[in-house]
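The block underneath contains the structure these notes are about, expressed in structure tokens.
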Amino acid sequence: MSDSRQMIVAWANYFAGKTNKFVYSEGNDRMSAIGQWPIAYPIHADCSAFVTLCYWLAGAGDPNGQGFDHEGYTGTLLGHGTHITVDQLQPGDAVVYGPGEGEHTALVVQVTHGQHGTDILTVSHGGPTGQSPIYCWVNKPIAHPGLNYPVDGRQPQTFLRFTTAQIGTVHSIPVA
């Protein structure tokens, strides 16, 4: 069985900066793009639906553990994912900001472990600047100070890993 981690990250990177293709929604339509191929734009999604969509497009399992039933939210991601440390973090994992069931989630696309700390770059839909999906640092970068993306330093930060084995159809990223 193949691993979908690289494709999850590729889809998140593809969507970064494509704000005209997304409408932030916490309504009943927020997971409506899951199961639709080709994708119909604009995509209506909130932060957890964005993470779920990237997993579906990459052929991975539902990070909510619900079989892509158009349900799930940041709390189900927290309940289904394996909690990991910063040292274990890899692209394709997720971060949840805030206490309890969380306030926001984003998909990790780059991790740089260095002697002075770890730089973590995400693609965040509905992040701190109101634009989405965008690149956003989890912390102020040490090794990448020239990449001037916003920082979402909300606490606490919970890092999650989901099964990335390819179990479904891998959808190809459109060629520009």
Side-chain angles (χ1 to χ4, degrees), residues 1-13 15-16 24 26 30-31 34 45-129 132-144 147 149-168 170:
M1 199 177 297
S2 291
D3 187 81
S4 297
R5 185 174 293 278
Q6 287 182 332
M7 201 64 180
I8 293 164
V9 172
W11 272 107
N13 283 325
F15 287 135
Y24 184 84
E26 293 180 358
R30 67 186 192 80
M31 287 206 190
I34 295 169
D46 64 1
C47 59
S48 58
F50 177 78
V51 170
T52 304
L53 176 64
C54 290
Y55 269 69
W56 176 76
L57 289 166
D62 183 355
N64 298 283
Q66 300 182 167
F68 295 110
D69 66 355
H70 296 98
E71 298 294 326
Y73 63 105
T74 303
T76 54
L77 294 173
L78 276 166
H80 184 69
T82 300
H83 294 229
I84 59 173
T85 66
V86 170
D87 293 340
Q88 297 169 309
L89 197 61
Q90 298 176 24
D93 293 333
V95 59
V96 172
Y97 299 98
E101 293 186 335
E103 299 168 358
H104 181 65
T105 187
L107 195 56
V108 175
V109 295
Q110 180 181 320
V111 180
T112 305
H113 298 287
Q115 83 182 107
H116 299 292
T118 302
D119 291 346
I120 306 164
L121 184 64
T122 67
V123 175
S124 178
H125 180 63
T129 65
S132 50
I134 60 168
Y135 288 111
C136 189
W137 294 107
V138 171
N139 55 346
K140 186 174 180 187
I142 300 163
H144 306 283
L147 296 179
Y149 301 126
V151 175
D152 188 343
R154 287 180 274 186
Q155 298 289 330
Q157 297 167 349
T158 305
F159 299 102
L160 300 172
R161 175 157 301 149
F162 307 102
T163 301
T164 57
Q166 181 188 333
I167 61 170
V170 177

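These numbers come from a predicted model, not from an experiment.
In this structure the side chain of F15 reaches within 4.5 angstrom of the side chain of C54, judged on heavy atoms. Counting heavy atoms from C-beta outward, Y135 and L147 have side chains that stay 4.5 Å or more apart. By the 4.5 Å heavy-atom criterion applied to side chains, V95 and I120 are not counted as neighbours.
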What pairs of donor and acceptor atoms, side-chain ones from residues 81-88 against any protein atom, are under 3.5 angstrom apart with sequence neighbours left out?
residue	atom	partner	partner atom	Å
H83	NE2	L78	O	3.1
T85	OG1	D87	N	3.4
T85	OG1	Q88	N	3.4
T85	OG1	Q88	OE1	3.3
Q88	OE1	T85	N	2.8

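If you check the side chains of T112 and D119, you find no donor sitting under 3.5 Å from an acceptor.
For Y73, the ring-ring contact (aromatic ring centres under 6.0 Å, His included) test picks out no residue, with sequence neighbours left out. Residues that satisfy the side-chain contact (heavy atoms from CB on, under 4.5 Å) test with V111, not counting sequence neighbours, are L89, P91, V108, H113, T118.
A parallel orientation is assigned to the rings of H144 and W137, their planes being inclined by less than 30° (bins at 30° and 60°).
With values rounded to the nearest 0.5 angstrom, Q110 atom CD is found 14.0 Å from Q90 atom CD. To the nearest 0.5 angstrom, E26 atom CD is 7.5 Å from C47 atom SG. The distance from atom OH of Y97 to atom OG1 of T105, rounded to the nearest 0.5 Å, is 8.5 Å. Between the CZ atom in R30 and the OG1 atom in T52 there is a gap of 7.5 Å [rounded to 0.5 Å]. Distance OH/Y149 to CD1/I134: 10.5 Å, rounded to 0.5 Å. Atoms CZ and CZ, on R5 and R161 in that order, are 5.0 Å from each other to the nearest 0.5 Å.
The shortest non-hydrogen separation linking S132 to G126 is CB-N, 2.8 Å. When all heavy atoms are compared, the tightest approach of A45 to F50 is CB-N, 4.2 Å. Between S4 and A58, the closest heavy-atom pair is OG-O, 3.0 Å.
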List the steps, then state whether side-chain contact (heavy atoms from CB on, under 4.5 Å) holds for D46 with Y24.
CA-CA 5 Å; D46 64 1; Y24 184 84; 3.7 Å; yes
Take N64 and M31, measure what side-chain contact (heavy atoms from CB on, under 4.5 Å) needs, and give me the verdict at the end.
CA-CA 12 Å; N64 298 283; M31 287 206 190; 4.2 Å; yes
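A donor-acceptor pair under 3.5 Å is absent between the side-chain atoms of T74 and the main chain of S48, judged by distance alone. For Y55 (side chain) and G92 (main-chain N/O), a donor-acceptor pair under 3.5 Å exists by modelled atom type.
Of the residues D93, L77, T76, I8, the one that meets the side chain to side chain contact (heavy atoms under 4.5 Å, CB included) test with P63 is L77. Evaluated for a side chain to side chain contact (heavy atoms under 4.5 Å, CB included) with I34, the options D69, D62, L53, L57 yield exactly one hit, L53.
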